[in-house]
Visitor: 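The structure follows.
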Amino acid sequence: MKDRKTVICILGPTATGKTSLALALSEHMPVEVISVDSAMVYAGLDVGTAKPSPDELSRVPHHLVGMLAPTEVYSAADFRKDARRLIEEVLSRGKTPLLVGGTMLYFNALFFGLDQLPGASVEVRSQIQAKANENGWLSLHEELAAVDPLSARRIHPNDKQRVQRALEVFLLTGVRLSEMQEKALAGGQYLSCLFSEFDLRIFSLELADRRELYRRIDLRFKSMLEQGLVEETVQLRQNYHLCASMPSMRAIGYRQVCAYLEGEYDYDAMICRAQAASRQLAKRQITWLRGWRKRNCLPIQSLESGAEGLCEFIQDDLGLN
RNA sequence: GGCGGGGUGGCAGAGUGGUUAUGCAGCGGAUUGCAAAUCCGUGGACGCCGGUUCGAUUCCGACCUCCGCCU
């Protein structure tokens, strides 16, 4: 029990200062940061993802930041594989892995594992998409109901992403998604979670006052614009062959700036929509957090007070002081 | 001052003499290879006063207010 290595996680909704807390903590103990962020993985998406500056990145080793082109696709499974590998690597260097980010599905996949399922297939997905364009997603849900009634019952007919995935799994393997998941559960695969392997310390940055969080979110988006978010997006669109359906361009901020550049709405509307999207993201993140009882809420009165106090709290909790 | 038009939930915007359009935002929830995604659920209103009526958000009148035009 005593020999389980410590792994620190810092998570929380967007705009709560996770990144600066991680940087501050790195001043106090030997850590390497493993980013848990589905948007920061992309190179060139800097301002809009509030990526640490090059200087900050060079001060502490960071992983899974900016290592993909914006045209590429990354997934929870990719993340889980990469993160597990990196945790071992960091530990082997005698340092503490510090997982920081707000992509809660990635944390979930890492904490609790994933079933043995086939990966995504671009071909199969475009096949399904083509069918959907012709007959609508509802007919695809009916198709799913015919081959995998259990999944069809679980997945809402309007939830095209999950309908597509369930269909994809069946088309790829000939085995029902629901069946694969049941088998995995029975086989105990899903139980191989990270908690038994490591001394996981989960610290969650949560504000008691939602208004305060939203105020920060609104301000932060404006400051991203001042830092050149529109220019960055224009640049990205020049440098890569991007389209709106790519994960990188679905990221908050970029998505709305693209629509603005396409003339879908004006500048002010773009701001409002991006801010609203961020608030909704924060709400979904909070929903994930509420489900994780093992989290340790950091006592934040005001985030402006700086990260030092929180570092002390974390170190106390780790028994380092 | 005169004429015309309008005042509907946080915002936008339909509509009806009796049964709370809708969209956005907000709130709650789902979440296993796109997750900063994709979905599901949900409270809340008819400017003010009086009249007609069994019943007015809806009809009538006054008032307040906003917008446009005219003087």
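A note on names: the letters A, B, ... follow the listed sequences, proteins ahead of strands, and every chain is numbered from 1.
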Visitor: Spell out yes or no: do the side chain of A:Lys283 and the base of B:G26 have one donor N/O and one acceptor N/O closer than 3.5 Å?
Guide: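 Such a pair does not exist between side chain and base.
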Visitor: If you take atom types as modelled and just measure distance, does the side chain of A:Gln164 reach the base of B:C34 with a donor-acceptor pair under 3.5 Å?
Guide: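 Counting by modelled atom types and ignoring angles, a donor-acceptor contact under 3.5 Å is found here.
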Visitor: Does B:U32 have its OP1 or OP2 closer than 4.0 Å to a side-chain nitrogen or oxygen of A:Arg162?
Guide: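 Checking A:Arg162 against B:U32: at least one side-chain N or O falls below 4.0 Å of OP1 or OP2.
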Visitor: Transitively linked via ILVMFWY side-chain contacts under 4.5 Å: A:Leu11 with A:Leu64?
Guide: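 They do share one cluster, since a chain of ILVMFWY contacts under 4.5 Å joins A:Leu11 to A:Leu64.
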Visitor: Verify the contact: side-chain N or O of A:Arg125 to OP1 or OP2 of B:C34, cut-off strictly under 4.0 Å; return yes or no.
Guide: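 Looking at the OP1 and OP2 atoms of B:C34, one of them is under 4.0 Å from a side-chain N or O of A:Arg125.
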Visitor: Considering just the side-chain nitrogens and oxygens of A:Thr287, establish if one lies under 4.0 Å of OP1 or OP2 belonging to B:G29.
Guide: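 The answer is yes; a side-chain N or O of A:Thr287 sits under 4.0 Å from OP1 or OP2.
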Visitor: Can you list everything that forms a salt bridge (Lys or Arg N to Asp or Glu O under 4.0 Å) with A:Asp46? Sequence neighbours excluded, please.
Guide: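 Applying salt bridge (Lys or Arg N to Asp or Glu O under 4.0 Å) to A:Asp46 gives A:Lys51.
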Visitor: Could you tell me how far apart A:Gln285 (CD) and B:A37 (C1') are, to the nearest whole angstrom?
Guide: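 Taking atom C1' of B:A37 as the reference, CD of A:Gln285 is at 12 Å.
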Visitor: In whole Å, what separates the C1' atom of B:U57 from that of B:U38?
Guide: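 Their C1' atoms lie roughly 38 Å apart.
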Visitor: Provide the distance between the two C1' atoms, one in B:C63 and one in B:U53, to the nearest whole Å.
Guide: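 Between the two C1' atoms, the distance is 23 Å.
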Visitor: Under the criterion of centre distance below 5.5 Å and interplanar angle below 30°, is A:Phe112 classified as stacked on the base of B:U32?
Guide: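 Here A:Phe112 fails the 5.5 Å or the 30° condition.
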Visitor: How far apart are the closest heavy atoms of A:Thr96 and A:Val90, and which atoms are they?
Guide: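 Result for this residue pair: C-CG1, 3.8 Å.
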Visitor: In whole angstrom, what separates A:Gln181's CD from B:U31's P?
Guide: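 Value for this atom pair: 11 Å.
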Visitor: Can you tell me if the side-chain N/O atoms of A:Arg165 get under 4.0 Å from OP1 or OP2 in B:G33?
Guide: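 A:Arg165 to B:G33 OP1/OP2: side-chain N or O found under 4.0 Å.
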Visitor: Is the shortest side-chain N/O distance from A:Arg210 to OP1 or OP2 of B:G28 below 4.0 Å?
Guide: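 Checking B:G28 against A:Arg210, a side-chain N or O does come within under 4.0 Å of OP1 or OP2.
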Visitor: Is any side-chain N or O of A:Asp159 under 3.5 Å from a base N or O of B:A30, one able to act as donor and the other as acceptor?
Guide: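 There is none.
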Visitor: Rounded to whole angstroms, how far apart are CD1 on A:Ile217 and C1' on B:A25?
Guide: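 Between C1' of B:A25 and CD1 of A:Ile217: 14 Å.
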Visitor: Would a 4.5 Å heavy-atom cut-off, applied to side chains only, mark A:Ile87 and A:Leu194 as touching?
Guide: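 Yes, close enough: below the 4.5 Å cut-off.
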Visitor: Quick one: A:Leu105 CG to B:A36 P, roughly how many Å, whole number?
Guide: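 Value for this atom pair: 8 Å.
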Visitor: B:U71 and B:G6: how far apart are their P atoms, nearest whole angstrom?
Guide: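 To the nearest whole Å, 24 Å.
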Visitor: Only Watson-Crick and G-U wobble pairs with both distances less than 3.5 Å should count. Give RNA chain B in dot-bracket notation, marking inter-strand partners with |.
Guide: (((((((..(((.....[...))).(((((.......)))))....(.(((..]....))).)))))))).
Visitor: Taking the nucleotide of RNA chain B with the nearest heavy atom to each, does A:Met224 or A:Ala76 sit closer to the 5' end?
Guide: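 The residue whose closest nucleotide sits nearer the 5' end is A:Ala76.
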Visitor: Could you tell me the separation between the CZ atom of A:Phe170 and the P atom of B:U32, rounded to a whole number of Å?
Guide: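 From A:Phe170 CZ to B:U32 P: 19 Å.
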Visitor: Once you round it to whole Å, what is the distance between P of B:A35 and CD1 of A:Ile155?
Guide: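 Nearest whole value for this atom pair: 17 Å.
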Visitor: Mind checking the C1' distance from B:G2 to B:G13? Whole angstroms is fine.
Guide: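 The same atom, C1', in both gives a distance of 32 Å.
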Visitor: Just N and O in the side chain of A:Tyr106: are any of them under 4.0 Å from OP1 or OP2 of B:A35?
Guide: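 Yes, A:Tyr106 has a side-chain N/O under 4.0 Å of OP1/OP2 on B:A35.
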Visitor: Can you check whether A:Arg290 has a side-chain N or O nearer than 4.0 Å to OP1 or OP2 of B:G29?
Guide: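 Answer yes for this pair, as a side-chain N or O of A:Arg290 is under 4.0 Å from OP1 or OP2.
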Visitor: Report yes if a side-chain nitrogen or oxygen of A:Tyr214 is closer than 4.0 Å to either non-bridging phosphate oxygen (OP1 or OP2) of B:C27; otherwise report no.
Guide: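 A:Tyr214 to B:C27 OP1/OP2: side-chain N or O found under 4.0 Å.
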Visitor: Quick check on B:U38: is either OP1 or OP2 less than 4.0 Å from any side-chain nitrogen or oxygen of A:Arg255?
Guide: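 For B:U38, OP1/OP2 do have a side-chain N/O of A:Arg255 under 4.0 Å.
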Visitor: Applying a 4.0 Å non-hydrogen cut-off, can you work out what A:Gly48 is touching in the nucleic acid: base, sugar-phosphate, or nothing?
Guide: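 Base, at least one base atom sits under 4.0 Å.
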Visitor: When we call it a touch if two heavy atoms are under 4.0 Å apart, what does A:Gln280 touch: a base, just sugar-phosphate, or nothing?
Guide: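 Result for A:Gln280 = sugar-phosphate.
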Visitor: The side chain of A:Val73 lies closest to which of these nucleotides: B:A36, B:U31, B:C34?
Guide: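 Nucleotide nearest to A:Val73's side chain: B:C34.
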Visitor: Whole angstroms only, please: what is the CE-P distance between A:Met104 and B:U38?
Guide: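 These atoms are roughly 18 Å apart.
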Visitor: If we take the P atom in both B:G33 and B:C27, what is their distance in whole Å?
Guide: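 Their P atoms lie roughly 27 Å apart.
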Visitor: Quick one: ring-ring contact (aromatic ring centres under 6.0 Å, His included) partners of A:Tyr214, sequence neighbours excluded?
Guide: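 By the ring-ring contact (aromatic ring centres under 6.0 Å, His included) rule, A:Tyr214 matches no residue at all.
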Visitor: Tell me which of A:Gly102 and A:Ile286 sits closer to the 5' end of RNA chain B, going by the nucleotide each one is nearest to.
Guide: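 The residue mapped nearer the 5' terminus is A:Ile286.
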Visitor: Rounding to an integer number of angstrom, what distance separates B:G5 and B:C59 when you compare their P atoms?
Guide: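 One P to the other, the span is 13 Å.
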Visitor: Between B:C48 and B:U8, how far apart are the two P atoms, rounded to whole Å?
Guide: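 Comparing P positions in B:C48 and B:U8 gives a spacing of 11 Å.
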Visitor: Which one, B:U32, B:A36, B:U38, comes nearest to the side chain of A:Lys160?
Guide: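 In terms of side-chain proximity for A:Lys160, the closest of B:U32, B:A36, B:U38 is B:U38.
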Visitor: Please work out if A:Tyr74 contacts a base, only the sugar-phosphate, or nothing of the nucleic acid, heavy-atom cut-off 4.0 Å.
Guide: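 Sugar-phosphate, no base atom in range.
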Visitor: Is the shortest side-chain N/O distance from A:Arg250 to OP1 or OP2 of B:U38 below 4.0 Å?
Guide: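 Checking B:U38 against A:Arg250, a side-chain N or O does come within under 4.0 Å of OP1 or OP2.
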Visitor: Would you classify A:Arg279 as touching base, sugar-phosphate or nothing, given that sugar-phosphate means primed atoms plus P, OP1 and OP2, and contacts are heavy atoms under 4.0 Å?
Guide: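 The residue A:Arg279 makes sugar-phosphate contact but no base contact.
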Visitor: Please say yes or no: joined through hydrophobic side-chain contacts below 4.5 Å, possibly via intermediate residues, are A:Phe313 and A:Leu21 part of one cluster?
Guide: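 Linked within one cluster.
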Visitor: Are A:Trp288 and A:Phe107, when compared by the centres of their aromatic rings, separated by less than 6.0 Å?
Guide: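 No, the ring of A:Trp288 stays outside the 6.0 Å limit from the ring of A:Phe107, centre to centre.
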Visitor: I'd like to check the side chain to side chain contact (heavy atoms under 4.5 Å, CB included) partners of A:Tyr240; sequence neighbours left out, ordered by chain and number.
Guide: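 Expected list: A:Ala69, A:Pro70, A:Thr71, A:Leu236, A:Leu242.
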Visitor: Is B:G44 in the syn range, within 90° of 0, or in the anti range?
Guide: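 Anti for B:G44; the angle lies over 90° from 0.
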Visitor: Say you pick atom C1' in B:G29 and the same atom in B:A12; how far apart are they, in whole Å?
Guide: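 Taking atom C1' in both B:G29 and B:A12, they lie 27 Å apart.
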Visitor: How would you label the contact of A:Thr14 with the nucleic acid (heavy atoms, under 4.0 Å): base, sugar-phosphate, or nothing?
Guide: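 Since no nucleic acid heavy atom lies under 4.0 Å of A:Thr14, the category is nothing.
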Visitor: Would you say A:Thr103 places a side-chain N or O within less than 4.0 Å of OP1 or OP2 belonging to B:A35?
Guide: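 Indeed not, no polar side-chain atom of A:Thr103 lies that close.
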Visitor: Got A:Ile155 and A:Arg165 here, is their nearest side-chain heavy-atom distance under 4.5 Å?
Guide: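 They are not in side-chain contact.
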Visitor: From the options B:U32, B:C40, B:G26, select the nucleotide whose nearest atom is closest to the side chain of A:Asn158.
Guide: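 The nucleotide sitting nearest to the side chain is B:C40.
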Visitor: Is there any side chain to side chain donor-acceptor pair (under 3.5 Å) pair reaching into residues 244-260 of chain A, and which pairs are they, with sequence neighbours excluded?
Guide: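 Residue pairs with at least one partner in residues 244-260 of chain A: A:Glu232-A:Tyr254.
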Visitor: Using only side-chain N and O atoms of A:Ser38, determine if any of them is under 4.0 Å from OP1 or OP2 of B:A36.
Guide: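 Checking B:A36 against A:Ser38, a side-chain N or O does come within under 4.0 Å of OP1 or OP2.
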Visitor: Take atom CD of A:Gln275 and atom P of B:C11, then tell me their distance rounded to the nearest Å.
Guide: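 From A:Gln275 CD to B:C11 P: 18 Å.
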Visitor: Output all residues satisfying side chain to side chain contact (heavy atoms under 4.5 Å, CB included) with A:Pro30, sequence neighbours left out; order by chain, then residue number.
Guide: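 If we apply the side chain to side chain contact (heavy atoms under 4.5 Å, CB included) test to A:Pro30, skipping adjacent residues, the hits are A:Lys95.
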Visitor: Scan A:Ala109 against the nucleic acid and name what it touches under 4.0 Å (heavy atoms): base, sugar-phosphate only, or nothing.
Guide: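 No contact.
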